[in-house]
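Structure first, commentary second.
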Amino acid sequence: MLEVEGAEEKGIKVVEVGGEERLCTRNLVKGVQVYGEQLVSMDDGVEYRVWDPFRSKLAAAIIKGLRNLPIERSSRILYLGASTGTTVSHISDIAYRGVVYAVESAPRVARELIERVARHRRNVIPIVEDARRYQHYPAMAGKVDVIYCDIAQQDQTEIALANARAYLKDGGHLMLIVKTRSIDVTKEPRSIVEEEVAKLRSNGFSIEKVIYLEPFDKDHAMVIARKA
Ligand code: SAM
């Protein structure tokens, strides 16, 4: 279930919970839940949070065999489509010495992101803005190591690329969730993923990994690409 290299340093672990093996991250804010997930205290006093692959596509990708997760303890991450912060919170656990700029365009959703996540976590900076208006982000200081994009828009790859041109450092990674049904319902999902991958290649990215997320998310894939 867990093939991530350097998992221990990243605080990612498989823990037995109620007789079942569950993926977890080390909780940055002891005692605080984000989305009703179970908290598990270990003998050494460290607390873990169960990471639900049906709620977070990054957890699904890890369970589906992701080995090289480009998020490190001190990574700076620009997260597009933060929603109420489920995946953002686990990334905040992993990059506990770094920063997560969490962009969400829907004000009501962003309010929950702030209440549930940003209020408790010093490394999460909410940005209530449309990711198409990337020039208008307040609070962005310098470039980032990783852009994670999960906005389920037809032009999501173009939006991710525009953000990458503005904010991703050379050699940085783009983690793109391709929701094929948002792009074209009539086409075969794998051919849509191929088309999005080709766009990344023609914009100077090399493709490190494509992971299909079934059975956790139908017709979704995660593409991990590196900027030259
Ligand atoms: N990544 C989240 C998680 O794993 O917890 C789920 C993201 S949900 C599929 C997509 C989110 O992207 C929604 O909350 C939506 O409001 C937001 N969104 C859609 N278009 C956007 C845009 N252009 N800019 C910023 N956020 C956007």
Side-chain angles (χ1 to χ4, degrees), residues 12 23-25 28 33-37 49-64 66 69 71 77-95 100-118 120-121 123-140 144 146-168 173-183 185 189 192-193 196 211-214 216-224:
I12 306 172
L23 185 67
C24 295
T25 55
L28 178 60
Q33 291 169 302
V34 174
Y35 56 105
E37 73 282 17
R49 295 194 299 130
V50 171
W51 194 0
D52 185 346
F54 289 97
R55 303 279 300 271
S56 168
K57 296 173 200 95
L58 182 51
I62 289 173
I63 290 173
K64 294 281 317 259
L66 177 61
L69 173 65
I71 299 171
I77 297 128
L78 173 59
Y79 191 114
L80 311 177
S83 187
T84 53
T86 300
T87 302
V88 166
S89 69
H90 288 284
I91 291 180
S92 143
D93 282 346
I94 297 168
V100 188
Y101 296 100
V103 179
E104 171 54 53
S105 58
R108 229 182 283 156
V109 178
R111 215 171 302 140
E112 263 192 68
L113 166 74
I114 292 164
E115 285 303 317
R116 290 189 196 189
V117 182
H120 305 281
R121 292 172 175 263
N123 64 346
V124 175
I125 300 179
I127 298 178
V128 188
E129 186 54 273
D130 190 317
R132 293 188 179 89
R133 288 168 39 92
Y134 56 90
Q135 306 95 327
H136 300 280
Y137 298 157
M140 282 288 298
V144 298
V146 177
I147 293 182
Y148 187 104
C149 179
D150 181 16
I151 57 176
Q153 295 282 349
Q154 198 176 14
D155 57 344
Q156 59 186 4
T157 304
E158 287 74 15
I159 295 172
L161 283 168
N163 277 265
R165 275 191 288 276
Y167 297 116
L168 187 61
H173 286 85
L174 172 61
M175 303 177 74
L176 178 68
I177 302 291
V178 181
K179 183 180 180 187
T180 59
R181 300 213 144 258
S182 299
I183 296 173
V185 282
I192 292 176
V193 173
E196 303 311 299
I211 301 178
Y212 288 88
L213 303 181
E214 296 97 3
F216 305 106
D217 278 287
K218 202 167 168 273
D219 300 332
H220 281 75
M222 175 182 283
V223 179
I224 301 185

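Start at 1 and go down the list; that is how both ligands and their atoms are numbered. Everything numeric in this text was worked out from a predicted model, so none of it was measured.
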Report summary line: Between the CG atom in L80 and the CD1 atom in I177, the distance rounded to the nearest 0.5 Å is 11.5 Å
Query raised in the report: Residues in side-chain hydrogen bond (donor to acceptor under 3.5 Å, both in side chains) with T157, at least two apart?
Result: E196
Report summary line: Those residues at least two apart in sequence (or on a different chain) that pass side-chain hydrogen bond (donor to acceptor under 3.5 Å, both in side chains) with H220 are none
Contact table ligand 1 N or O to protein N or O, d under 3.5 Å:
from, atom 1, to, atom 2, distance (Å)
ligand 1, 1 (N), Y79, OH, 2.6
ligand 1, 1 (N), G81, O, 3.0
ligand 1, 1 (N), D150, OD2, 2.9
ligand 1, 4 (O), Y79, OH, 3.4
ligand 1, 4 (O), T87, OG1, 2.6
ligand 1, 5 (O), T87, N, 3.3
ligand 1, 14 (O), E104, OE1, 2.8
ligand 1, 14 (O), E104, OE2, 3.4
ligand 1, 16 (O), E104, OE2, 2.6
ligand 1, 20 (N), Q153, NE2, 2.8
ligand 1, 23 (N), D130, OD1, 2.9
ligand 1, 24 (N), A131, N, 2.8
ligand 1, 26 (N), S105, N, 3.3
ligand 1, 26 (N), S105, OG, 3.2

Report task. Could you note down all residue pairs passing side-chain hydrogen bond (donor to acceptor under 3.5 Å, both in side chains) where residues 51-62 supplies at least one of them, sequence neighbours left out? Result -> W51-S56, S56-T87, K57-D150
Requested in this report: For I62 and L69, work out which heavy atoms get closest and say how close.
Outcome: CD1-CD2, 4.5 Å
Report task. Using side chain to side chain contact (heavy atoms under 4.5 Å, CB included) as the criterion, point out the one residue from I192, T180, V193 that pairs with D219. Result -> T180
